[in-house]
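Both backbone and side-chain heavy atoms feed into the values below; hydrogens, waters and symmetry mates do not. As the structure is a computational prediction, the values presented were derived from the model and not from experiment.
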Amino acid sequence: MDNLAVKTLRNIPSLDNRYTKSEMKAKAVVVLGSSKTTEPLMEYMELCSQTTKALVQNGYNIVTGCGTKGIMGAAYYAARESSALNMEGKPVQNLSIIVNPLWGDENLDDCIVIGKASSESERIMKFTKVADNFVIFPGGTTTMQEATTLIRHNVHSEESGLKKIILVGKEFFSGLKQQYETMANMQFIKKSPEVFFRILSDKNEIVKAILKK
C-alpha cells in the first residue's frame, strides 16, 4: 500500500455518526452482491445499475463496499452518475464503507467514504448502523455471509427494528428461501421467511418495495 493510500485510510473515521441518525438511515440503501464481473452476472449488473439510478433519483443514498467490479461496481458507478454533488464535486449519494486493508479494487475518489472496518463481519454490522434498507444481488460466499447475517439480525430483532431486506433473483435465492421455510416449519424461527426478507426480480418491484413505508 503506498503512502498516499495509508494517509487516506488514516483520515477516514471508524464510522461517521452523521449517517447513523434515524432520518439518514431511512433514506439509505446498502447494495450488496458479487465483486466479480462474469458473464452470468451481466443481466444482474444491468438490473443493479438501473435499480440504483432509480433509487438515487428518488432521494436515496446508496452505500456499498466501494468495489468497482461486478454488482458492486454497477451500483457504485450508477450512484456516482446519478448523485447530487457537493461543493467539492463529490457525489453525496454515493457512500462507501471500506475494509482496511483495502482489497485493491476500490475507487475512493468518486464517493464519500463514511467508515472503515477491519473485517467483512465488522463491515456488515456497520452497514446496519447506517441503513434500514438492503438490496442483495447474486454473489459468492461473502455475499451469502452478508445475506444470512442480515437476515439473522431481523430474526432476532423486535418488529420496530427490522431491516428491509430484498434478495434479487428468485432462482438464485430459491434454496435459501426453502431453507428458512424448513426452519420455520421446524419452529427454529417463529415467523415465516417473508417477515424477514423478500425475493424480487424486477426493478420496479424493488424500487416500490423500498419506497413503501
Side-chain angles (χ1 to χ4, degrees), residues 12-33 35 47-68 71-86 88 90-99 106-108 110-117 120-137 139 142-143 145-147 149-154 157-168 196-198 200 203-213:
I12 294 171
S14 176
L15 190 63
D16 190 330
N17 289 330
R18 292 176 296 177
Y19 295 92
T20 64
K21 297 178 180 179
S22 58
E23 62 270 21
M24 295 295 289
K25 293 170 64 176
K27 296 296 290 184
V29 181
V30 173
V31 179
L32 301 169
S35 60
L47 175 59
C48 176
S49 179
Q50 295 302 318
T51 301
T52 299
K53 289 178 182 178
L55 290 170
V56 171
Q57 290 165 0
N58 276 281
Y60 284 83
N61 294 332
I62 302 300
V63 188
T64 69
C66 203
T68 56
I71 294 295
M72 302 311 299
Y76 180 98
Y77 288 117
R80 183 194 68 175
E81 293 166 7
S82 305
S83 172
L85 304 178
N86 63 15
E88 289 76 39
K90 284 275 194 175
V92 296
Q93 292 168 269
N94 189 24
L95 310 177
S96 294
I97 298 176
I98 62 168
V99 168
E106 297 88 349
N107 177 358
L108 304 182
D110 298 318
C111 66
I112 296 178
V113 183
I114 63 173
K116 59 188 175 184
E120 287 294 340
S121 296
E122 183 185 357
R123 177 157 62 177
I124 296 171
M125 290 300 98
K126 291 193 174 184
F127 281 145
T128 67
K129 294 180 179 181
V130 300
D132 289 335
N133 309 286
F134 291 80
V135 180
I136 307 174
F137 288 81
T142 299
T143 300
Q145 174 194 5
E146 291 166 339
T149 300
L150 291 165
I151 293 170
R152 181 182 182 276
H153 174 279
N154 273 358
S157 294
E158 299 294 334
E159 186 172 351
S160 60
L162 292 178
K163 301 294 183 181
K164 190 176 292 184
I165 300 173
I166 298 172
L167 309 180
V168 181
F196 308 121
F197 63 89
R198 296 181 63 187
L200 302 174
K203 182 198 79 172
N204 292 331
E205 289 181 341
I206 298 167
V207 174
K208 184 179 180 180
I210 295 295
L211 294 178
K212 185 177 180 181
K213 302 300 182 182

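Taken from CD in Gln145 to CG in Leu150, the straight-line distance is 10.0 Å, to the nearest 0.5 Å. Here the CD1-CZ distance, from Ile166 to Arg198, works out to 6.5 Å after rounding to the nearest 0.5 Å. Note: Ile151 CD1 to Leu167 CG = 5.0 Å, rounded to the nearest 0.5 Å. Atom OG1 of residue Thr143 and atom CD1 of residue Ile71 lie 8.5 Å apart, to the nearest 0.5 angstrom. Here CG of Leu85 is found 10.5 Å from CZ of Arg80. Values are rounded to the nearest 0.5 Å. Considering CD1 of Ile165 and CD1 of Ile136, their distance stands at 6.0 Å, rounded to 0.5 Å.
For Thr64 (side chain) and Cys66 (main-chain N/O), a donor-acceptor pair under 3.5 Å exists by modelled atom type. For the pair Arg123 (side chain) and Gly65 (backbone), a donor-acceptor distance under 3.5 Å is present. Without hydrogens or angle criteria, Glu106 side chain to Gly67 main chain gives no donor-acceptor distance under 3.5 Å. Judged by distance alone, with hydrogens and angles left aside, the side-chain atoms of Asn94 form a donor-acceptor pair with the main-chain N or O of Asp110 at under 3.5 Å. Within the 3.5 Å criterion, the main-chain N or O of Lys25 finds no donor-acceptor partner in the side chain of Lys129. With Asn154 contributing its side chain and Phe196 its backbone, the two residues share a donor-acceptor pair below 3.5 Å. Panel note: side chain Ser83, backbone Gln93; a donor-acceptor pair is recorded below 3.5 Å. Checking side-chain atoms of Lys164 against main-chain N and O of Asp132 turns up no donor-acceptor pair under 3.5 Å.
Side-chain contact check for Phe127 versus Leu32: some heavy-atom pair is nearer than 4.5 Å. Under the 4.5 Å side-chain criterion, counting only non-hydrogen atoms from C-beta, Asn17 is not in contact with Tyr19. For the pair Cys48/Thr52, a side-chain contact is recorded, criterion being any heavy-atom separation below 4.5 Å from C-beta on. Val29 is not listed as a side-chain neighbour of Asn61, based on a closest heavy-atom distance of 4.5 Å or more.
By the side-chain contact (heavy atoms from CB on, under 4.5 Å) test, Arg152 is found to be paired with His156, residues two or more places apart in sequence or in another chain being considered. Among residues two or more places apart in sequence or in another chain, the ring-ring contact (aromatic ring centres under 6.0 Å, His included) test is passed with Tyr76 by none.
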Mind running side chain to side chain contact (heavy atoms under 4.5 Å, CB included) on Thr68 and Tyr77 for me, showing each step along the way? CA-CA 8 Å; Thr68 56; Tyr77 288 117; 3.4 Å; yes

Yes or no on side chain to side chain contact (heavy atoms under 4.5 Å, CB included) for Asn133 and Val30, after CA distance, side-chain angles and deciding distance? CA-CA 6 Å; Asn133 309 286; Val30 173; over 6 Å; no

Working note: Val99 + Glu120, criterion side chain to side chain contact (heavy atoms under 4.5 Å, CB included); need CA distance, chi angles, decisive distance, verdict. CA-CA 7 Å; Val99 168; Glu120 287 294 340; 3.9 Å; yes

Go through it in stages, so that I can follow the logic: the residues are Met125 and Thr149, the test is side chain to side chain contact (heavy atoms under 4.5 Å, CB included), and I'd like the CA-CA distance, side-chain angles, deciding distance and then a yes or no. CA-CA 9 Å; Met125 290 300 98; Thr149 300; 3.6 Å; yes

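Because its NZ or CZ atom is both nearer than 6.0 Å to the ring centre of Tyr60 and within 45° of the ring axis, Lys27 counts as a cation-pi partner of that residue.
In terms of heavy-atom proximity, Ala28 sits nearest to Val63 at CB-CG2, 4.3 Å. Nearest approach of Val31 to Ala75, heavy atoms of both residues: CG1-CB, 3.7 Å. Taking all atoms of both residues into account, the shortest heavy-atom contact from Ala209 to Leu200 is CB-CD1, 4.0 Å. Pairing each heavy atom of Leu47 with each of Thr51, the nearest pair is O-OG1, 2.7 Å. Across all non-hydrogen atoms, the minimal contact from Lys163 to Thr128 is NZ-O, 2.7 Å. Across all their heavy atoms, Lys90 and Ile112 have their closest contact at CB-CG1, 4.3 Å.
Between Glu205 and Lys208, no side-chain nitrogen of the basic residue sits less than 4.0 Å from a carboxylate oxygen of the acidic one, so the salt-bridge criterion is not met. One finds a salt bridge joining Glu122 and Lys126 here, because a Lys/Arg side-chain nitrogen approaches an Asp/Glu carboxylate oxygen to under 4.0 Å.
Ser49 and Glu81 form no side-chain donor-acceptor contact under 3.5 Å, judged by distance and modelled atom types alone.
For CD of Glu23, the number of neighbouring non-hydrogen atoms (other residues, nucleotides, ligands) closer than 6.0 Å is greater than 12.
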